[in-house]
2 protein chains.
Amino acid sequence: MDSRLRCRELKSKVMSAKEAAKFFKDGMVVGTSGFTPAGYPKAVPLEIANRAKNGEKIGLTIITGASVGPELDGELSESGVMKRRYPYQTNSTCRNKINNSDINYCDMHLSHTPQWVKYGFFGNMDIAIVEAVAITKEGHIIPSTSIGNSNVFVEYADKIIVEINTSQPLELEGIHDIYNVDIPPFRKPIPLTKVDDKIGTNYINCNKEKILGIVFTDIKDKTRPVSKIDDVSKKMADNLIEFLENEVRENRLPENLLPLQSGVGSVANAVMGGLVNSKFKDLVVYSEVIQDSVIDLIEAGKVKFASGTSLTISPERLDDFYSKFNNYKDKLILRPQEISNSPEIARRLGVIAINTAIEVDIYGNVNSTNIMGSRMMNGIGGSGDFARNGYLTIFTTESIAKNGDISSIVPMVSHHDHSEHDVMVIVTEQGVADLRGLSPKERAIKIIENCAHPDYKEALYKYFNEACEGKYKHTPHVLSKSLSWHDRFMKTGSMENKESLSQNN
Amino acid sequence: MDSRLRCRELKSKVMSAKEAAKFFKDGMVVGTSGFTPAGYPKAVPLEIANRAKNGEKIGLTIITGASVGPELDGELSESGVMKRRYPYQTNSTCRNKINNSDINYCDMHLSHTPQWVKYGFFGNMDIAIVEAVAITKEGHIIPSTSIGNSNVFVEYADKIIVEINTSQPLELEGIHDIYNVDIPPFRKPIPLTKVDDKIGTNYINCNKEKILGIVFTDIKDKTRPVSKIDDVSKKMADNLIEFLENEVRENRLPENLLPLQSGVGSVANAVMGGLVNSKFKDLVVYSEVIQDSVIDLIEAGKVKFASGTSLTISPERLDDFYSKFNNYKDKLILRPQEISNSPEIARRLGVIAINTAIEVDIYGNVNSTNIMGSRMMNGIGGSGDFARNGYLTIFTTESIAKNGDISSIVPMVSHHDHSEHDVMVIVTEQGVADLRGLSPKERAIKIIENCAHPDYKEALYKYFNEACEGKYKHTPHVLSKSLSWHDRFMKTGSMENKESLSQNN
């Protein structure tokens, strides 16, 4: 315990999760650590959920870094504690409650959340719960596998509860770099010019008077297994690599590229993983989440340094990862998400932003969040922080979904997260559409020709050609049909117009 | 002439506009100065247009800062010279050709254009034409009433033509602050922390070997008159000021606010102009365009400093403005648009971003560009540079257009430029919707209740209520009806469903 809780005056604050859970009152605004299912508090949220399950009326607003694990998003949703949620989630119980309108969810650019706390846009923050590997002699907090907004919550919340998680190795100490950004008009340039710059402290500065309780736990991060790389993902990765190789040949990128940012999940992991087989070397990563593929790239000698705000290693390789942790430690850094997702830094470093789309339309608009325009999947996450500020902005999607009942290339996306102004390149397993500098009509042809699935090409051209007959020809649309594919899917279970097909046959 | 062209070696380069126009060949990529109808080249473009009118085949790609005057966008469009256009325009001839698909137009975030030149995404730039008030002894260029991308074009174009415009007063010398941003991976923090920081030089550094020709002209900037402030604009301004006053009361803004950014045009001018009658003082402006209202605010002692990339004073007050120019000179600065529109700076300073919407939907998405989804108006301009990075992001629109045949609040915008993630506050003459932190359904009620025109409220609620009956309730939509208001307008000339209204009666 002495190695984990090094501050003598705080030993009296150690309590059970159950005791700590009693501090939470109906209507409170609570900020927690956690970004992906890594570094989020577990023991206290479970006990808050138990209070509600035992009949107590307790509703909370929960603000995190990004997604968190089932002990937090799952249990608080299930128990009805979660009333309002910011800024991102991936938990199925939470998602269902959002789509049933039982939870008020506002999905936000991840770089906005810390600012909003500071600016007072969420109102007062009552309690922060942060996971730590240790507390220093001075009472400062050493985070675990993610930082997210923990530094901001610790500074702005009235009170703090720390979960010291002994399943998180003490070796993590030293990989964090906590830098605080002032609010305007006092804000200064963030002094980071290379992905491996260390600009802050190893710990989160904490006013120990604000600590309400310290809870010990050993519940492990519920990180997610990553899927095997399938043929479709492999083709997407190959297409992306070919595109990047060409950019180098055309002198639009240096030989070791520029810092890579990649979205989260199996497809993103597979696409990044594809770089293992590329000729690229001396790569660097400036992203949110360091997942398995980045570790593979470090092991393969392809990536020399990776910066993120979260370290999410899949369960099956976690033990191996920590057994060799000293090999990686000087190649990894975790930063607050205000820094990892900073537009200032993304643009300065010139990141290559690679994110996943749910669907893309013929003019290059991207839907990242709402399936069929209405059903929230996860949220926009950090994709907008990077897409608008990347040196290159790339979106990847498989050309079809649901065994072909959905075309991911549509006449008009049913929800817009990234506009035509922010999307440079679309990659599907079919090919690559480089949209830079093209007018909307030129983009449409590139996207249909290079990226759409063969089963939907004809129907896309049909829509586009009819639209081009209309009165205004800059972004041609047939407004009565723009969303008809989605409408048809909702009504028939497929975007394919089977009637028109059988007529054609 | 000696005061305007101070470099001895360059005197031999003086030529007529007609001679200079001969350097342009079919297929060239040309960058020009100009941002709003201010500081754009005039004499040479007129002569290029004449060549085409006389039967020569000459098609060009034109890249500017933003909109420019009729001698450039009008004449080159009319004569068929303009084949491709970036990144923004407001000229009616040019707009019509874009909407007829005669000009390939790609409208871009204005902060992206200088980067794209540097990154090579537009290909090679053959010639830059920049307007100047003078050329220094060393051959450097002193810009006139705007900077835009002139510094970048002068650095990256193979050759340069300078138009020295003697109608632009030499007193302008000294208000420019030219700072060059490196490309990644060499980019450094931009050392600007206050709106009045001077971080660069008074002139554009120029390799004089690249100067092909110097043309003298005295054609004046064709700036646009601004409309009188009407009752509707006044109500919008009043609503905005009331909102800002409340933010100060709630301690979410300092008493002198934060740097103001405002879009361009009569409505934006009127809204800013409303601040003259407010209690605010010691205001500062960090924007793109310094237009009449900013000068009024300086005269009224409300604004103590204004930074922009363009100085656009309406024709009727231009003489008066220059007669008192020394009163203003130390309160104004012009910067390259890479700096005026920099996300890094906008976020650091915490600008209050106030931009104009064409239409807004019930979930807070904004259309700034394409009327009825297809007809390009002007372009997104710098609104996205500020909206995503502002401390506060406000969009203003009159609640109706076309005498009420169009509702500016619609079920779903027909084109998306600013997503729900970037829009905090909507202001119409009806009222203010503060959307911060709300879920989509909460936003819908706020927008309909506070911002929609009374004539459309019932129809908006009807759509929303029907949508809420659907399967997915996060962002409820009835996809078969989402764009039906626009479709109806295209077919009947009005968004109002007159059939359903008469049935209701």
Side-chain angles (χ1 to χ4, degrees), chain A residues 98-101 104-106 108-109 119-122 183-185 187-191 193 251-252 254 258 343-344 347-350 365 370 372-376 380 384 388-389 391 414-417 419 421 436-439 441-442 470 472-477 479-480 482-483 486-487 490, chain B residues 98-101 104-106 108-109 119-122 183-185 187-191 193 251-252 254 258 343-344 347-350 365 370 372-376 380 384 388-389 391 414-417 419 421 436-439 441-442 470 472-477 479-480 482-483 486-487 490:
Chain A
I98 288 167
N99 286 306
N100 286 334
S101 216
N104 276 311
Y105 177 52
C106 176
M108 303 176 66
H109 298 300
Y119 300 169
F121 293 175
F122 293 118
I183 63 167
R187 194 172 277 180
K188 294 279 176 296
I190 302 169
T193 58
N251 285 318
R252 287 190 292 258
L258 284 165
E344 171 176 342
R347 199 171 284 221
R348 183 181 302 148
L349 298 178
N365 300 284
N370 280 257
M372 300 300 141
S374 296
R375 182 176 172 243
M376 173 51 60
I380 191 167
R388 187 160 294 173
N389 295 294
Y391 183 100
S414 57
H415 185 90
H416 288 66
D417 294 290
S419 79
H421 314 285
R436 286 174 292 178
L438 301 185
S439 68
K441 285 175 69 174
E442 292 173 316
Y472 303 126
K473 298 179 199 299
H474 179 62
T475 314
H477 271 301
L479 292 173
S480 60
S482 305
L483 298 170
H486 301 87
D487 189 43
M490 291 294 282
Chain B
I98 287 167
N99 287 305
N100 287 333
S101 217
N104 277 311
Y105 176 52
C106 175
M108 301 176 66
H109 297 299
Y119 300 169
F121 293 174
F122 293 117
I183 62 168
R187 194 171 277 180
K188 295 277 175 297
I190 301 169
T193 58
N251 286 317
R252 288 189 293 257
L258 283 166
E344 171 177 341
R347 199 171 284 220
R348 182 181 303 148
L349 298 178
N365 299 285
N370 281 256
M372 301 299 142
S374 295
R375 183 176 172 245
M376 173 52 60
I380 190 168
R388 188 161 295 173
N389 295 293
Y391 183 100
S414 57
H415 185 90
H416 287 67
D417 294 291
S419 79
H421 314 284
R436 285 173 293 178
L438 302 184
S439 68
K441 286 175 68 174
E442 294 173 314
Y472 302 126
K473 298 180 199 299
H474 179 63
T475 314
H477 271 301
L479 293 173
S480 61
S482 306
L483 298 170
H486 302 86
D487 190 43
M490 292 294 282

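The sequence lines fix the lettering, A, B, ..., with proteins before strands; numbering per chain opens at 1.
Between the side chain of B/Arg388 and the backbone N or O of A/Gly384 there is at least one donor-acceptor pair closer than 3.5 Å. Panel note: side chain B/Ser374, backbone A/His477; a donor-acceptor pair is recorded below 3.5 Å. In terms of modelled atom types and a separation under 3.5 Å, the side chain of A/Arg187 and the main chain of B/Arg347 share a donor-acceptor contact.
Interface remark: A/Tyr105 contributes backbone and side-chain atoms alike to the contact with chain B (heavy atom separation under 4.5 Å).
Atom-to-atom distance recorded for B/Asp487:CG and A/Ser482:OG is 8.5 Å, nearest 0.5 angstrom. Note that the CG atom of A/Leu479 and the OG atom of B/Ser414 stand 6.5 Å from one another [nearest 0.5 Å]. With values rounded to the nearest 0.5 angstrom, B/Leu438 atom CG is found 7.0 Å from A/Cys106 atom SG.
Your options are B/Ser439, B/Pro254, B/Ser419, B/Pro185, and the one with the most heavy-atom pairs under 4.5 Å with chain A is B/Ser439. Comparing B/Asn99, B/Asn389, B/Ile190, B/Leu483 by how many heavy-atom pairs each has under 4.5 Å with chain A, the most go to B/Asn99. If you tally non-hydrogen atom pairs under 4.5 Å between each of A/Met490, A/Met376, A/Met108 and chain B, the highest count goes to A/Met376. Counting heavy-atom pairs closer than 4.5 Å to chain A, the top residue among B/Pro343, B/Gly350, B/Pro191, B/Gly120 is B/Pro343. Taking A/Leu349, A/Ile380, A/Ile98 one by one and counting their heavy-atom pairs under 4.5 Å with chain B, the maximum is reached by A/Ile380. For chain A, the option among B/Arg436, B/Met372, B/Arg348, B/His486 with the highest count of heavy-atom pairs below 4.5 Å is B/Arg348. Contact tally against chain A (heavy-atom pairs below 4.5 Å) for B/Glu344, B/Lys441, B/His474: the top residue is B/His474. Listed options A/Ile183, A/Leu258, A/Asn100, A/Asn251 were ranked by heavy-atom pairs under 4.5 angstrom with chain B; first place goes to A/Leu258.
Summarising the geometry of B/Pro184 relative to A/Tyr391, their closest heavy-atom pair is CG-CD1, 4.1 Å, with the distance given to 0.1 Å. Looking at every heavy atom in both residues, B/Thr193 comes nearest to A/Lys188 through CG2-CD, 4.2 Å. Counting all heavy atoms, side chain and backbone alike, A/Arg252 lies closest to B/Tyr119 at CG-O, 3.6 Å.
Relative orientation of the A/His421 and B/His415 rings is perpendicular, given thresholds of 30° and 60° on the angle between their planes.
Side chain to side chain, A/Thr475 and B/Asn370 meet the donor-acceptor criterion of an N or O pair below 3.5 Å.
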